[in-house]
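To start, the structure itself, in structure tokens.
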Amino acid sequence: MQLDIQIPDIQHTPTSRRPVSPPLMRLTGASKLYDKGSSPREALRSVDLDIHRGEFAAIVGPSGSGKSALMKMLGLLEAPTSGGYSFQGVQEQSLSTEQRLWLRRRFFGFVPQAFNLLRSTSLQGNVALPLMYRGLSAERCQLAAMRALAVVGLEDQGHKMPDDLDGSQQGKAAIARALVCNPSVLLVDNASRPSDQPLCADIGSLLRKLNTEHLITVVLVTQQASAGHWAQRTVSLNGGEVEQDISRAAASALH
Ligand code: ADP
Ligand code: MG
């Protein structure tokens with residue numbers, strides 16, 4: 001599907017040749033109210049946030065602070081109730097349903113908090129699925145799935161079933177499935193609680209590698225403050241509001 005949206009290709013553009021452009025993702029006074037049921041919940045309250053191309057940002061906050069709501073908004077899965085969101089300078093309000101879908105498929109890879117791997121399908125089959133849905137030949141899908149599995153270090157595990165893997169490997173498989181369509185932006189919803197083991201070091205270093213070597217913009221939402229170790233920037237959310245926004249350079253200057 002090719003749609004009439006004026007949006008430049010944002011992938012793999014070297015920094016030195018980047019034109020001056022709007023932030024990749026910009027929330028302006030964005031609020032999200034879920035008003036179904038008896039008790040309406042304000043998941044996000046007047047959030048101003050710019051995410052630039054090439055960043056690795058960790059969005060950190062306790063359960064219920066609005067992390068998933070924010071991620072869905074950034075990925076064009078949900079619209080703000082008030083305020084605005086623009087992706088590469090395009091206001092989401094101006095998009096048709098088809099355009100929104102096209103942008104999501106073209107630019108975003110999602111890693112949902114439960115991974116959502118099909119238990120009765122091999123890893124390779126799971127990773128190939130997004131391409132199968134797009135109607136590519138089985139051969140191309142399988143080849144692309146093997147390549148994506150190799151990027152996350154699971155090249156010799158493709159025949160295994162999800163239940164044969166540990167949590168970190170399942171996370172990597174879900175990342176491979178998000179990578180198979182060659183996204184520019186990876187949105188990762190990490191569900192582990194602060195009491196769980198700290199954000200798995202190999203997932204953290206994999207996300208950093210995807211950011212620095214594959215030039216993918218990464219947004220990781222998590223309860224784990226340790227995510228700041230892998231990201232360049234940590235945005236703290238509380239009660240649907242941005243409490244703090246610290247880049248690594250600024251953080252080291254404080255210490
Ligand atoms: P987090 O991911 O940080 O745990 P969420 O973004 O999932 O937080 O949720 C933020 C708030 O919005 C919570 O109070 C939650 O109960 C509420 N919420 C999230 N999704 C929905 C929904 N679909 N319907 C109603 N309330 C919701
Ligand atoms: Mg969540």
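Values below: all heavy atoms of this structure, side chains included; hydrogens, waters and symmetry mates excluded. As the structure lists them, so they are numbered: ligands from 1, and atoms in each ligand from 1.
- The backbone N or O of S82 sits nowhere less than 3.5 Å from a side-chain atom of S31 that would complete a donor-acceptor pair.
- A donor-acceptor distance shorter than 3.5 angstrom exists from the side chain of Y85 to the backbone of L74, with no hydrogens or angles considered.
- Looking from atom 7 (O) of ligand 1 to the surrounding protein, the closest heavy atom is S68 CB, 3.7 Å.
- For ligand 1, the polar-atom distance check against K72 finds no nitrogen or oxygen pair separated by under 3.5 Å.
- Not a single heavy atom of G61 lies less than 4.0 angstrom from ligand 1.
- The protein heavy-atom contact nearest to atom 10 (C) of ligand 1 is G64 O, 3.5 Å.
- Between the Mg ion (ligand 2) and M71 there is no N/O/S contact shorter than 2.8 Å.
- Judged purely by atom type and a 3.5 angstrom limit, E241 has no side-chain atom pairing as donor or acceptor with the backbone of R45.
- No donor-acceptor contact under 3.5 angstrom links the side chains of T28 and D48, judged on distance only.
- In terms of protein heavy atoms, atom 19 (C) of ligand 1 is closest to Y34 CE1, 3.4 Å.
- Distance from atom 12 (O) of ligand 1 to its nearest protein heavy atom, with residue and atom name: A43 CB, 3.3 Å.
- In this structure, the separation between CD1 on I175 and CG on L154 is 9.5 Å, given to the nearest 0.5 Å.
- At the top of the distance list for atom 6 (O) of ligand 1, counting protein heavy atoms only, stands A69 N, 2.9 Å.
- Residue contact annotation: P62 has a non-hydrogen atom under 4.0 Å from ligand 1.
- Listed for the Q99 side chain is a donor-acceptor partner under 3.5 Å among the backbone atoms of S96.
- Between L103 and F108, the shortest heavy-atom distance links the atoms O-CD1, 3.8 Å.
- What sits closest to atom 16 (O) of ligand 1 on the protein, heavy atoms only, is R41 NH1, 4.3 Å.
- Judged by distance alone, the side chain of K67 and the main-chain N or O of N190 form no donor-acceptor pair under 3.5 Å.
- When only non-hydrogen protein atoms are considered, atom 8 (O) of ligand 1 lies nearest to G66 N, 3.2 Å.
- Scanning all protein heavy atoms for the shortest distance to atom 3 (O) of ligand 1 gives K67 NZ, 2.7 Å.
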